[in-house]
Number of protein chains: 2
Amino acid sequence: MDELDSEIVRLLQSDARQSNRELARKLGVAPSTCLERVRALTRRGAIRGYHADIDPAALNRAVQALVSVQVRPLNRAVIDTFKGFAAGLPEVLHVFVLSGGDDFLLHVAVQDLDRLHAFLVDRLSKRAEITGFRTSMIFQQVSNTTPVALPS
Amino acid sequence: MDELDSEIVRLLQSDARQSNRELARKLGVAPSTCLERVRALTRRGAIRGYHADIDPAALNRAVQALVSVQVRPLNRAVIDTFKGFAAGLPEVLHVFVLSGGDDFLLHVAVQDLDRLHAFLVDRLSKRAEITGFRTSMIFQQVSNTTPVALPS
DNA sequence: ATTGAAAGCAACTCGGA
DNA sequence: TCCGAGTTGCTTTCAAT
């Protein structure tokens with residue numbers, strides 16, 4: 001990860017569909033050089049993929065919430081099982097496995113409040129390993145789409 | 001958002017760099033048709049952009065945490081100010097503005113535990129509007145990269 | 001590791017259905 | 001709205017450095 005790699009990563013985070021030529025032009029190197037750098041970054045696993053950013057409203061997901069969940073007993077089998085269960089639900093965008101007061105945080109996005117309630121009652125409340133959960137509605141969200149590499 | 005649009009969105013979520021021709025082939029339409037659909041989705045704001053997915057470790061961000069924050073007084077000026085402040089910090093990946101017990105949730109990613117501690121002490125503790133915060137370490141994260149459109 | 005040249009493809013436009 | 005042909009431009013390879 002030298003200076004060139006960092007800049008490639010930064011530019012592809014902000015716009016993954018710009019052409020390799022444009023990337024090369026911004027970096028001041030030949031397109032073939034740029035292409036090889038991108039391939040190397042991908043081989044190494046630094047670049048994991050390219051994803052379109054879709055407006056949740058366009059996916060009928062106007063209501064978003066964060067649900068913190070506690071499970072017991074807190075062992076590997078229970079954690080892995082619940083993680084797999086949660087990740088497989090269509091309402092769930094992200095599952096975080098945590099330490100601290102909460103064991104999991106679920107980022108969910110659904111059509112409306114009724115569906116959120118149904119998710120909590122029909123999906124979560126039925127699981128025996130869940131000993132408690134707490135829901136916070138998301139009103140706004142700001143994302144840093146181009147996190148930079150931090151210095152060591 | 002008909003069936004074709006939904007499928008385009010789904011495919012671009014899973015791989016934003018596949019060629020328009022490949023997209024068209026998978027959908028069984030002409031490339032020119034597919035291109036026009038993608039442009040219309042972008043014009044309407046359904047497609048908001050395309051971003052490379054980068055391994056946090058490659059950006060020197062091996063340590064990730066979720067920090068829930070309470071601020072007072074809870075009015076628009078304080079909320080907007082804190083939101084802007086938090087979103088501008090290089091350690092912060094996402095800012096969620098919430099209802100419920102917490103007012104904000106910050107998703108932060110830093111080099112190591114020392115830097116996390118420094119972030120909490122030097123950045124957050126200095127803010128007068130913050131009346132409390134709580135940090136949970138992130139051990140694992142599963143993301144649904146291709147959320148589907150939900151039925152109405 | 002980087003480059004330039006050349007071949008192969010894809011993006012994009014536009015006229016027609 | 002969709003399609004297909006044609007032009008323009010990009011991606012990709014490869015031999016040389």
Side-chain angles (χ1 to χ4, degrees), chain A residues 1-61 145-152, chain B residues 1-62 111 145-152:
Chain A
M1 278 297 271
D2 60 7
E3 191 53 45
L4 199 57
D5 286 336
S6 294
E7 195 63 6
I8 287 172
V9 160
R10 193 182 66 76
L11 290 167
L12 286 178
Q13 277 178 315
S14 77
D15 177 10
R17 291 208 96 178
Q18 62 192 306
S19 74
N20 183 62
R21 287 186 86 87
E22 193 175 349
L23 214 54
R25 189 186 53 71
K26 290 175 181 171
L27 296 166
V29 298
S32 46
T33 302
C34 189
L35 190 64
E36 180 47 34
R37 288 291 193 129
V38 171
R39 283 185 178 157
L41 285 165
T42 306
R43 264 198 312 273
R44 274 185 264 147
I47 297 175
R48 301 197 287 201
Y50 306 93
H51 305 290
D53 173 22
I54 306 300
D55 183 357
L59 296 175
N60 268 316
R61 292 166 180 268
T145 53
T146 62
V148 295
L150 297 178
S152 318
Chain B
M1 279 294 275
D2 60 5
E3 189 55 43
L4 199 54
D5 286 336
S6 295
E7 194 63 5
I8 287 172
V9 160
R10 195 182 65 75
L11 290 167
L12 285 178
Q13 278 178 314
S14 79
D15 178 10
R17 290 210 96 178
Q18 63 192 305
S19 75
N20 182 64
R21 291 186 85 88
E22 191 174 349
L23 213 53
R25 190 184 53 72
K26 289 175 181 170
L27 297 166
V29 298
S32 50
T33 302
C34 187
L35 191 64
E36 181 46 34
R37 288 294 193 124
V38 171
R39 288 212 256 239
L41 285 164
T42 305
R43 264 197 312 275
R44 274 186 263 147
I47 296 175
R48 301 196 288 200
Y50 306 93
H51 305 290
D53 173 21
I54 306 299
D55 182 354
L59 297 175
N60 267 317
R61 292 164 179 272
Q111 298 97 317
T145 53
T146 63
V148 295
L150 297 177
S152 319

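By convention in this document, chain letters (A, B, ...) are assigned in the order of the sequence lines, proteins followed by strands, and residues within each chain are numbered from 1. This structure is a prediction, so every number in the text was calculated from the model and none was measured.
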Legend entry - Heavy-atom closest contact (Pro147(B) atom, Leu59(A) atom, distance):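 Looks like O-CD1, 3.6 Å.
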
Inset, instruction - Side chain of Ser19(B) only, please: which of dT11(D), dA11(C), dC3(D) is the nearest? - result: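 Comparing dT11(D), dA11(C), dC3(D) against the side chain of Ser19(B), the answer is dA11(C).
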
Legend entry - Ala30(A) side chain, from C-beta outward: closest of dG4(C), dT13(D), dT2(C):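 Nearest nucleotide to the side chain: dG4(C).
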
Between [X] and [Y], is there a donor-acceptor pair closer than 3.5 Å when you use the side chain of the first and the backbone of the second?
X: Arg61(B); Y: Val148(A); value: yes
X: Gln18(A); Y: Leu23(A); value: no
X: Asn60(A); Y: Ala149(B); value: no

For atom [atom1] of [X] and atom [atom2] of [N], their distance in whole Å:
X: Asn20(B); N: dC9(C); atom1: CG; atom2: P; answer: 17 Å
X: Gln18(A); N: dT11(D); atom1: CD; atom2: P; answer: 10 Å
X: Arg21(A); N: dC9(C); atom1: CZ; atom2: P; answer: 18 Å
X: Glu36(B); N: dC14(C); atom1: CD; atom2: C1'; answer: 12 Å
X: Arg39(A); N: dT13(D); atom1: CZ; atom2: P; answer: 4 Å
X: Arg25(B); N: dC9(C); atom1: CZ; atom2: C1'; answer: 14 Å
X: Leu23(A); N: dT12(D); atom1: CG; atom2: C1'; answer: 15 Å
X: Arg37(A); N: dT12(D); atom1: CZ; atom2: P; answer: 18 Å

Inset, instruction - Mind running side chain to side chain contact (heavy atoms under 4.5 Å, CB included) on Asp15(B) and Glu22(B) for me, showing each step along the way? - result: CA-CA 11 Å; Asp15(B) 178 10; Glu22(B) 191 174 349; 5.8 Å; no

Inset, instruction - Using five base pairs at each end, measure the axis-to-axis angle across the helix from dA1(C)-dT17(D) to dA17(C)-dT1(D) and round it to 10 degrees. - result: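 About 30° separates the two local helix axes.
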
Legend entry - Candidate pair Met1(A) and Arg44(A), rule side chain to side chain contact (heavy atoms under 4.5 Å, CB included), full reasoning: CA-CA 10 Å; Met1(A) 278 297 271; Arg44(A) 274 185 264 147; 4.3 Å; yes

Inset, instruction - Classify the nucleic acid contact of Arg17(A) as base, sugar-phosphate or nothing, counting any heavy atom under 4.0 Å across all strands shown. - result: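 No contact.
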
Legend entry - Verdict with supporting geometry, Leu12(A) and Leu41(A), side chain to side chain contact (heavy atoms under 4.5 Å, CB included): CA-CA 12 Å; Leu12(A) 286 178; Leu41(A) 285 165; over 6 Å; no

Inset, instruction - Can you check whether any acceptor in the base of dG4(C) is under 3.5 Å from a donor in the side chain of Ser32(A), or vice versa? - result: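 For Ser32(A), whose side chain was compared with the base of dG4(C), there is a donor-acceptor pair (under 3.5 Å).
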
